[in-house]
Amino acid sequence: ALVHFLGNHWVEVNGDTATGEAYLFACHLRQGEHSQEEEVALIRYRDNYVRTAEGWKFSERHAYRQWTTLRSIDSRTHEIDTALHSALLK
């Protein structure tokens with residue numbers, strides 16, 4: 001399973017070119033050797049754009065990994081899950 005969230009996107013336009021930056025928060029769940037693992041990463045994109053007849057396009061994208069964590073997770077049902085599911089069924 002995975003979740004990606006792209007946010008804090010800004011762009012500075014200069015005629016038919018532009019530069020920008022965005023942040024990606026990524027969470028990946030996978031089966032490790034002994035238990036489920038969670039990898040969480042924050043990636044910063046530095047972009048260059050160009051205006052074409054079809055609209056704005058990427059001319060360059062650079063990705064910089066800001067940090068990553070990897071840890072084993074407990075996949076048992078947590079009490080908050082039970083409470084949330086009970087509330088939704090009412």
Side-chain angles (χ1 to χ4, degrees):
L2 59 94
V3 174
H4 288 170
F5 174 76
L6 187 66
N8 292 4
H9 188 210
W10 62 264
V11 175
E12 289 185 15
V13 178
N14 184 14
D16 289 334
T17 63
T19 57
E21 189 169 288
Y23 286 84
L24 172 70
F25 179 80
C27 180
H28 298 180
L29 301 178
R30 59 178 175 244
Q31 185 60 45
E33 189 175 334
H34 302 291
S35 65
Q36 282 195 313
E37 296 177 336
E38 174 187 54
E39 178 184 13
V40 178
L42 179 67
I43 298 168
R44 178 173 51 109
Y45 292 114
R46 306 264 338 233
D47 301 324
N48 293 318
Y49 313 98
V50 62
R51 188 188 330 242
T52 70
E54 294 81 32
W56 287 95
K57 307 284 184 185
F58 286 96
S59 59
E60 278 187 71
R61 170 162 265 193
H62 301 276
Y64 302 94
R65 186 179 296 262
Q66 302 301 129
W67 54 260
T68 301
T69 60
L70 180 62
R71 64 183 176 160
S72 295
I73 60 171
D74 184 345
S75 60
R76 294 176 292 176
T77 301
H78 190 276
E79 63 187 49
I80 192 69
D81 295 323
T82 304
L84 287 172
H85 289 281
S86 295
L88 290 173
L89 296 175
K90 291 182 180 180

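Just so it is clear, the model here is predicted, and its values are computed rather than measured. The residues of the chain are indexed from 1 along the displayed sequence.
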Nearest-0.5 Å distance, CZ of residue Arg61 to CG of residue Asp47: 4.0 Å

Tyr49 side chain near Thr17 side chain, heavy-atom distance below 4.5 Å: no

Residue list, side chain to side chain donor-acceptor pair (under 3.5 Å) with Asn8, at least two apart or on another chain: none

Residue list, salt bridge (Lys or Arg N to Asp or Glu O under 4.0 Å) with Arg30, at least two apart or on another chain: Glu37, Glu39

Nearest non-hydrogen partners of Val11 and Ala18, listed with the distance: CG1-CB, 3.8 Å

Residues clustering with Val50 (ILVMFWY side chains joined when closer than 4.5 Å, directly or via others): none

Candidate pair Leu29 and Ile73, rule side chain to side chain contact (heavy atoms under 4.5 Å, CB included), full reasoning: CA-CA 9 Å; Leu29 301 178; Ile73 60 171; 3.8 Å; yes

Over 12 non-hydrogen atoms of neighbours within 6.0 angstrom of CD in Glu79: no

Of all pairs that satisfy ring pair (Phe, Tyr, Trp, His ring centres under 6.0 Å), the ones with a partner from residues 5-34, not counting sequence neighbours: His4-His28

Distance (rounded to the nearest 0.5 Å) between Leu42 CG and Thr68 OG1: 8.5 Å

Separation between CD of Gln31 and CD of Gln36, rounded to the nearest 0.5 Å: 5.5 Å

Qualifying salt bridge (Lys or Arg N to Asp or Glu O under 4.0 Å) pairs with a residue from residues 16-27, counting only residues at least two apart or across chains: Asp16-Arg51, Glu21-Arg44, Glu21-Arg46

Contacts of Glu60 that satisfy side chain to side chain contact (heavy atoms under 4.5 Å, CB included) - sequence neighbours left out: Asn48, His62

